[in-house]
Amino acid sequence: MPTPAESPFLGACRSLPVDRTPVWFMRQAGRSLPEYRALRGSGSILEAIADPEIAAEVTMQPVRRYGVDAAILFSDIVVPVHAVGFGVDVVPGRGPVMATPFSTTSDLARLPDLDPERHLPYVLDTVDRVVAQLGDTPLIGFCGAPFTVASYLVEGGPSREFTKVKALMHGQPDLWVSLMERLVASSVAFLRAQVAHGATALQVFDSWAGSLSPSEYECFALPATAAIMAATADLGVPRILFGVGTGELLSLMATSGADVVGVDWRVPLDEARRRVGPAVALQGNLDPALTFAPREVLAAGVRRVLDAAGTAPGHIFNLGHGVLPTTDPDALKMVVDLVHAEGRAGVSK
Ligand code: CP3
């Protein structure tokens, strides 16, 4: 039996030859699975995340159903700020909402140091339980990137225009740096704890980075992400950096220290490869909307991604963003089987 260190997923993250193209899906845990909805009940997702028995089961469900090459921990990017008492809820159908948004220097005191063993014992318990069940399948731990988490803290909830967070970064750059430092510290502590409990890869979700221009990204977001990458490099696990709408940012993201850069569906992987250079692996990038198309159209979309990925090592198949709530699980199962049958990036047999 291969050990996790030799898994197709971990190998591809390291741009090594693999025996099949690995595939997993962002937001595979929860969302569209009927067995998730049955388990989840109607409370806040934060309650389900705080119950290690439920959270471990939700993490395992897509591994069993789809045969994906990695599990991702069932949690959320706002869980660390919630755990230190910032005052967050996650509203179904909407997303994270702050009781009182972050706006002034005094709000920094609402982000005390995160001690994962003290503030998040239930998440680490979930990691323990999942690792015990997963066998050879790697577990991806994660956090939100400081910019994306800050966008929720400052806007007070989901945003389209990001006006408040941009006003703060441009107008109060010193406060912005302090906020980034707080979020880097908690992210690093949380990622390191997940690895200490058995996560074998990490993903940093900078989902809303695409709202920034390249110079804004370089000045206000990338330094914090790069600091997280630097402070997790010694762990020896691959780190993935993902964002949406980041076509113009890909070359900068490749300088973050991440081992893998995630790409949404707007940039074909051969063009993404030109932008990131040869040193990082690529993850992506099927348009999640194609899972609603007829199966032959979906299959053609999968093959376009595989063709654009080419044959050189270093491709992890994924959607270009998360699974949509009404996606038919059978469509995702078909994608997994097709990628395993036809993926060629670095495949040595
Ligand atoms: O990927 C996985 O399956 C693991 C679990 C996971 C969740 N959130 C569970 C969740 C992960 C990795 C996240 C990360 C996350 N959370 C991100 C980055 C990834 C991305 O999609 O860009 C972001 C931006 C958030 C913030 C957030 N949480 C949003 C925007 C929403 C959606 C609101 C909705 O209901 O559509 C959530 C809620 C959430 N987090 C759900 C799940 C399964 C769905 C709602 C629920 O079950 O209550």
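Counting convention: from 1, in listed order, for ligands and their atoms alike. Quick note: numbers below take in every heavy atom, side chains included, and nothing from hydrogens, waters or symmetry partners. Numbers for residues simply follow the sequence, beginning at 1.
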Which one of [options] has a non-hydrogen atom at the shortest distance from [atom]?
atom	options	value
atom 11 (C) of ligand 1	Tyr36, Phe142, Tyr152, Trp24	Phe142
atom 26 (C) of ligand 1	Ala145, Gly95, Ala71, Pro96	Pro96
atom 6 (C) of ligand 1	Gly43, Pro288, Ser75, Cys143	Ser75

query = Considering the options Val280, Thr246, Val263, which one meets the side-chain contact (heavy atoms from CB on, under 4.5 Å) requirement together with Met253?
reply = Thr246
note = Exactly one candidate in Asp287, Asn285, Asn318 meets side-chain contact (heavy atoms from CB on, under 4.5 Å) with Val305; the answer is Asn285
Got the closest protein heavy atom to [atom], with its distance?
atom	value
atom 35 (O) of ligand 1	Gly93 N, 2.8 Å
atom 19 (C) of ligand 1	Phe205 CD2, 3.3 Å
atom 15 (C) of ligand 1	Arg27 NH2, 3.5 Å
atom 36 (O) of ligand 1	Arg31 NH2, 3.0 Å
atom 20 (C) of ligand 1	His321 NE2, 3.2 Å
atom 14 (C) of ligand 1	Ile77 CG2, 3.7 Å
atom 37 (C) of ligand 1	Asp76 OD1, 3.7 Å
atom 48 (O) of ligand 1	Arg40 NH2, 2.5 Å

Flag [X] as yes when one of its N or O atoms lies below 3.5 Å from any N or O atom of ligand 1, and as no otherwise.
X	result
Ile45	no
Thr148	no
Leu73	no
Trp208	no

ask   = Taking NZ, NE, NH1 and NH2 as the nitrogens, is one of them in Arg266 or Glu248 under 4.0 Å from a carboxylate oxygen of the other?
value = no
task = Before accepting this row, confirm whether a basic side-chain N of the pair Asp337/Lys333 lies closer than 4.0 Å to the acidic partner's carboxylate O.
result = yes
inquiry  = Please determine whether the number of non-hydrogen atoms from other residues, nucleotides or ligands lying under 6.0 Å from atom NZ of Lys164 exceeds 12.
reply    = no
Minimum heavy-atom separation for [X] and [Y], please, with both atom names.
X	Y	answer
Val276	Leu250	CG1-O, 3.7 Å
Pro101	Val154	CB-O, 3.6 Å
Leu10	Pro238	CD2-CG, 3.8 Å
Arg40	Ala48	CD-CB, 4.4 Å

inquiry  = Please confirm whether Phe25 approaches ligand 1 to less than 4.0 Å, judged on its heavy atoms.
reply    = no
note = In ligand 1, the atoms that come under 4.0 Å of a heavy atom of Ser207 are 18 (C), 19 (C), 20 (C), 22 (O), 24 (C)
remark   = Val90 heavy atoms within 4.0 Å reach ligand 1 at atoms 37 (C), 38 (C)
ask   = Taking the six-membered ring for Trp, is the centroid-to-centroid distance between Phe205 and Phe142 below 6.0 Å?
value = yes
key: Test item: side-chain donor near acceptor, Asp264 and His321, under 3.5 Å   = no
